[in-house]
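I have placed the structure first, in the form of structure tokens, so that the comments after it can refer back to it.
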Number of protein chains: 2
Amino acid sequence: MEAKELLKQHISKTVRLTDEQFDYVFSHFKVQSYKKGQVIVSDGQKVDHEYFVVSGCLKAFYITDEIKMYILQFAMPTWWTSDYGALYNQTRATINVDCIADAEVLQLSNENREKLCSELHQVEHFFRWRTNKGYLASQKRLLSFMNNDTKARYEELLAMYPQLYNLVPKHLIAAYLGVSRETLSRLYNNHK
Amino acid sequence: MEAKELLKQHISKTVRLTDEQFDYVFSHFKVQSYKKGQVIVSDGQKVDHEYFVVSGCLKAFYITDEIKMYILQFAMPTWWTSDYGALYNQTRATINVDCIADAEVLQLSNENREKLCSELHQVEHFFRWRTNKGYLASQKRLLSFMNNDTKARYEELLAMYPQLYNLVPKHLIAAYLGVSRETLSRLYNNHK
DNA sequence: GAGCTTACGTGACCTACATCACATTCGTAT
DNA sequence: ATACGAATGTGATGTAGGTCACGTAAGCTC
């Protein structure tokens, strides 16, 4: 599906916009393509945009001590991603975003989002709901973290995104689950 | 400080409202008092309100298998709490909220929030930002969970809310950190 | 004040997972 | 096809934290 149409359908699930309104909104986005491995948001840099994924897959992740990586989010089509802390507070990025599989995205600048939100009440409403869904997803993941063991979380993840199994290297799945790649490997090769 | 004044200051940090507008907004809230131990949102019940804490302390928590409890949030003054999943999606509660220390709260119904949001653009803006802050806090906690050991998370929590140390029984702190009360006990009694 | 419940401390033991080390397989560029 | 780096499998070993068990102290309730 075309980028514009995908965004239109996505937004229309939350708010009603006329075609003219949507065209106006869409004019504030910019289509962008990334190759596998390309860096989109980089630790320590300024962050000016958020990204709506049209195709492919991105990851948002945090690096500790230059050594360990924790994945906050695999961004699949119709998901939004960025370093929202840096974006909203106009600080330097602490989160990285890069491209796992060749991707097409729609980028929206912080400035344009706030402009659209103030010009169109429905757009503000849309972003409130989108953020709310993100909040709920994050809360759910936190609970799953406290409550379930690694195996259960692994199965939960694959049940939710079966595509990940083939799309994403296993060590990245481990980094999402918050365990070492060795543990994950033993887990599904079932060495009891 | 009086409830009304506290809410006014809280909102004014994000958006400007005239006195008339604020009075109108405030007229949709209801002052409510709870005693220590009182249940506010209960697993399996309908959820119609969210709560702005004026004084005291609430906790939002999840129960597994009727046995284990995980605390999602200690709600201190100027914090909002509820089962937002159930509230926004109009489903039954899966989260509980109760009162840790005698509390005064302002309750706002889901209906009134949506009404205010659609009537006053600034109110919608306020709630978008509030939710965004919650999202960022949740993401930060998730990272801390993956990254830090129990001791570091314990110290992080107390650094952020020193009041908790005296206000809240230790086993609830443990339930927030996601460890057993025994582990927490050994931790700060420093049995190496 | 007696009795009960809730909070907390601490020892013994067990388990899930981390870490390190090394082998093997896969993917991509030449 | 060859070659090299990245991804993955797997063994050995260490450790944080869970679970169970029991004991003490501190609040409530009658």
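In what follows, every chain begins at residue 1, and chains take the letters A, B, ... in the order their sequences are listed.
Note: A:Phe74 and A:Tyr176 meet the aromatic proximity criterion, with ring centroids under 6.0 Å apart. Within the 6.0 Å centre-distance limit, the rings of A:Tyr188 and A:Tyr154 are counted as a close aromatic pair.
Side-chain to base pairing of B:Arg181 with D:dG18: no donor and acceptor N or O lie closer than 3.5 Å to each other. With hydrogens and angles left out, the side chain of B:Glu182 and the base of C:dC8 share no donor-acceptor pair within 3.5 Å.
Proximity note for A:Tyr188 (side chain, C-beta onward) versus C:dT10, D:dT8, C:dC20: the nearest is D:dT8. In the set C:dC8, C:dG9, D:dA12, the nucleotide with an atom closest to the side chain of B:Lys170 is C:dC8. For B:Lys68, whose side chain is taken as the heavy atoms from C-beta onward, the closest listed nucleotide among D:dT19, D:dG17, D:dT10 is D:dT19. Each of C:dG9, D:dT10, D:dG17 was ranked by its minimum atom distance to the side chain of B:Asp149; first place goes to D:dG17.
Across all strands shown, A:Gly37 has no heavy atoms under 4.0 Å from either base or sugar-phosphate atoms.
Residue B:Thr150 places at least one side-chain N or O closer than 4.0 Å to OP1 or OP2 of D:dG17. Listed pair A:Thr183 / C:dC17 fails the phosphate criterion, with no side-chain N or O lying under 4.0 Å from OP1 or OP2. One finds a side-chain N or O of A:His171 lying less than 4.0 angstrom from the OP1 or OP2 phosphate oxygen of D:dT8. Checking the phosphate oxygens (OP1, OP2) of D:dG18, a side-chain nitrogen or oxygen of B:Ser180 falls inside 4.0 Å.
Put simply, CZ on B:Arg186 is 13 Å from P on C:dC13, counting in whole angstrom units. The interatomic distance linking A:Met146 (CE) with D:dG18 (P) rounds to 13 Å, in whole Å. Rounded to whole Å, the distance from CG on B:Leu187 to C1' on D:dG18 is 14 Å. For the pair B:Phe145 CZ and D:dA16 P, the interatomic distance rounds to 17 Å; values are reported in whole Å. When rounded to the nearest whole Å, the span between OH of A:Tyr154 and P of C:dA16 equals 18 Å. The CG atom of A:Asn189 sits 18 Å away from the P atom of D:dA7 (whole-angstrom rounding).
Each of B:Lys36 and B:Gly178 was matched to the nucleotide of DNA chain D holding its nearest heavy atom; the match closer to the 5' end belongs to B:Gly178.
Defined by atom type and a distance below 3.5 Å, a donor-acceptor pair is present between the side-chain atoms of A:Tyr135 and A:Gln139. Between the side chains of B:His10 and B:Trp79, no donor-acceptor pair of N or O atoms lies under 3.5 Å. Between the side chains of B:Ser144 and B:Glu156, at least one donor-acceptor pair of N or O atoms lies under 3.5 Å.
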